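A short worksheet on the structure shown next.
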Amino acid sequence: MRIGVNALFLQRPLTGMGQHLFHLLKGLDEYDDQNTYVLLSPRFRHSSVGRFPHLSDRFQNIEVVSSALRRFGENFESLWWEQVGMVRACHREKIEVLHCPYFAAPFFLPARTVVTVHDVIPLVMPEYRVRRESRMYSSLVAFTVRRANAIITVSEYSKRDIMRMLQIPEDRIHVIGNAVDSSYRPIVDGRVVESVRQRYGIGPKYILYFGGFDVRKNVDRLLQAYAALPAATRREYQLVIAGRLLFRGHPLYPDPRPRIRELGLEDNVVVTGQIREQDKAPLYSAATLYMFPSLYEGFGMPVLEAMACGATVITSNLSALPEVAGDAARLVNPYDTQAISEAIGELLENEDMRSELRERALARAQHFSWKRVAQQTLDVYNTLAA
């Protein structure tokens, strides 16, 4: 069987969808020795080549040149790729099953098609479609995805949202969870941890937030909850806000630093900026607590990464996060700043509870593997081919 994969997000390897596709392809290569995979993409940027997975010769890389469209901008070029370039490439390469690994599909399906929908945030949260172009694109992809032969999503919560928002029958939706790379593991080498802490100016004891900065990530309430802790606790435990600050000045992506100054937390909070990939596991491992009080997640990869590193996790009791965390994290109402603050204080004072949650987290993380993701994804391909 010739399976086509929209490989656009291999150009964006640091995004969640880029990481997901990268590891899915590696898993399929290890597990499936029967089928041929054709990775279809528009031009690749030179900076992305190094993150292209090393795959067997059953994986063919097909690039479609669209240089004449670059002058219209990246968004237009991506739309052309999804609706025209990829369709032409599928016909030319005689693709039997097409996998679109993110929330977009061609209007005219060139083959039996499966679409991975990680979440439907633009449909359930109106603040993410304020711009006219965003509303138009969301409407288009919602229509095209309804035409797909099968949907893969990453949680039961996302499945329910897809059924509700897109009116897709339950029997066409397959839930296949995420996983993390084997590099996410407890780092116990003190020299490695010390080197990472020094690199980012972090003290010996800290509470960690690592993730994005759009409003649904709820960083502002986390800062308020931390500010409500006793001053002595804040002096002992820094709050580390880690992650790349994007779209500065955009109302959907507020910069946390003005809020830090407003709350008088300049001496207690470290904003690291972008974290190197190899520094993530040591950073998770050495944190006294990992915080992820997001308002909405289709899955919540940072929670799984933190658990795989043996972190004590406090996360939201909403959306897919309880499904991912199970009984291996402390769940709180993310809208209740006092509840977040109280959970932090209780766990900082209770080392036995932290140790128990760490053990549960490591066990929980073992349930998520890229081999299983690859096996279940291949089952969907075979079902469509049949």
Side-chain angles (χ1 to χ4, degrees), residues 15-17 19-20 101-103 115-130 134 138 141-142 145 151-168 170 173-180 208-225 243 252-254 284 289-308 311-341 343-344 357 360-361 364-365 367-368 373:
T15 64
M17 285 182 282
Q19 287 285 303
H20 181 275
Y102 62 97
F103 190 9
V115 180
T116 297
V117 180
H118 294 268
D119 55 59
V120 287
I121 288 170
L123 303 182
V124 300
M125 303 187 81
E127 58 266 39
Y128 284 80
R129 56 177 193 274
V130 172
S134 299
S138 295
V141 296
V145 166
I151 304 294
I152 292 173
T153 193
V154 292
S155 66
E156 292 291 341
Y157 185 88
S158 283
K159 177 181 177 178
R160 292 192 294 272
D161 267 357
I162 291 167
M163 292 171 60
R164 177 170 60 91
M165 301 302 299
L166 297 176
Q167 302 298 306
I168 293 176
E170 183 176 8
I173 306 174
H174 307 262
V175 176
I176 303 175
N178 275 318
V180 293
L208 175 65
Y209 168 82
F210 177 68
F213 292 94
D214 45 324
V215 289
R216 68 185 169 89
K217 299 299 185 180
N218 209 24
V219 174
D220 186 76
R221 286 191 181 89
L222 172 57
L223 290 171
Q224 293 179 55
L252 267 182
Y253 299 86
Y284 282 129
L289 298 174
Y290 174 69
M291 306 295 303
F292 197 72
S294 177
L295 303 177
Y296 184 99
E297 296 291 327
F299 186 83
M301 281 294 290
V303 168
L304 183 55
E305 292 172 354
M307 291 195 303
T312 301
V313 176
I314 298 176
T315 190
S316 167
N317 63 3
L318 299 180
S319 66
L321 291 166
E323 192 177 331
V324 174
D327 66 349
R330 175 72 177 269
L331 303 180
V332 296
N333 178 352
Y335 290 97
D336 188 338
T337 302
Q338 182 178 346
I340 299 170
S341 187
I344 294 172
L357 285 175
R360 290 183 188 178
R364 177 72 177 166
H367 292 286
F368 300 86
V373 172

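Values in this document were obtained by computation on a predicted structure and should not be read as measured data.
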Partners meeting side chain to side chain donor-acceptor pair (under 3.5 Å) with Thr116 (sequence neighbours left out): His99
Steps toward side chain to side chain contact (heavy atoms under 4.5 Å, CB included) verdict (Phe213, Val219): CA-CA 7 Å; Phe213 292 94; Val219 174; 4.3 Å; yes
Aromatic ring pairing Tyr284/Tyr290, orientation class (parallel under 30°, perpendicular over 60°, tilted between): perpendicular
Beyond-backbone contact of Val145 with Ile168, side-chain heavy atoms, under 4.5 angstrom: yes
Asn333 CG to Gln338 CD distance, which is reported to the nearest 0.5 Å: 11.5 Å
Closest approach of Pro293 to Leu222 (non-hydrogen atoms, all atoms of both residues): CG-CB, 4.2 Å
Verdict with reasoning, Asn178 to His20, per side chain to side chain contact (heavy atoms under 4.5 Å, CB included): CA-CA 8 Å; Asn178 275 318; His20 181 275; 2.6 Å; yes
Inter- and intrachain pairs under side chain to side chain donor-acceptor pair (under 3.5 Å), touching residues 292-302, at least two apart: Asp161-Tyr296, Arg216-Glu297, Lys217-Glu297, Ser294-Glu297
Note, Val215 side chain near Met125 side chain (heavy atom, < 4.5 Å): no
Taking every non-hydrogen atom, the tightest pair across Ala320 and Gly298: CB-O, 3.3 Å
Ile344 vs Ile314 side-chain heavy atoms within contact, under 4.5 Å: yes
Tyr253 side-chain N/O to Gly212 backbone N/O, donor-acceptor pair under 3.5 Å: no
With sequence neighbours excluded, residues passing side chain to side chain donor-acceptor pair (under 3.5 Å) with Glu156: none
Gap between atom CD1 of Ile340 and atom CZ of Arg330 - 0.5 Å precision: 11.5 Å
Residues which pass side-chain contact (heavy atoms from CB on, under 4.5 Å) with Thr312, listed by chain and number, not counting sequence neighbours: Leu289, Leu347, Arg354, Leu357, Arg358
Check against side chain to side chain contact (heavy atoms under 4.5 Å, CB included), Leu304 and Arg364: CA-CA 9 Å; Leu304 183 55; Arg364 177 72 177 166; 5.9 Å; no
Non-hydrogen atoms of Ala325 and Thr315 that approach each other most closely: CB-CG2, 4.3 Å
Shortest non-hydrogen contact between Phe299 and Val154, atoms and distance: CD1-O, 3.3 Å
Distance, nearest 0.5 Å, that separates CD of Glu170 from CZ of Arg160: 10.5 Å
For the student: nearest non-hydrogen atoms of Leu331 and Ser316, plus distance: CD2-O, 3.6 Å
Side chains of Phe103 and His118 in contact at under 4.5 Å (non-hydrogen atoms): no
Closest non-hydrogen atom pair, Val313 against Ala306: CG2-CB, 4.0 Å
Salt bridge (Lys or Arg N to Asp or Glu O under 4.0 Å) partners of Arg360, counting only residues at least two apart: Glu356
Point-to-point distance, once rounded to the nearest 0.5 Å, from CE of Met165 to CG of Asp119: 12.0 Å
Results of side-chain contact (heavy atoms from CB on, under 4.5 Å) for Thr153 - residues two or more places apart only: Ser158, Lys159, Ile162, Ile173, Val175
Non-hydrogen side-chain atoms of Leu318 and Pro334 separated by less than 4.5 Å: yes
Min side-chain heavy-atom separation His367-Val324 under 4.5 Å: no
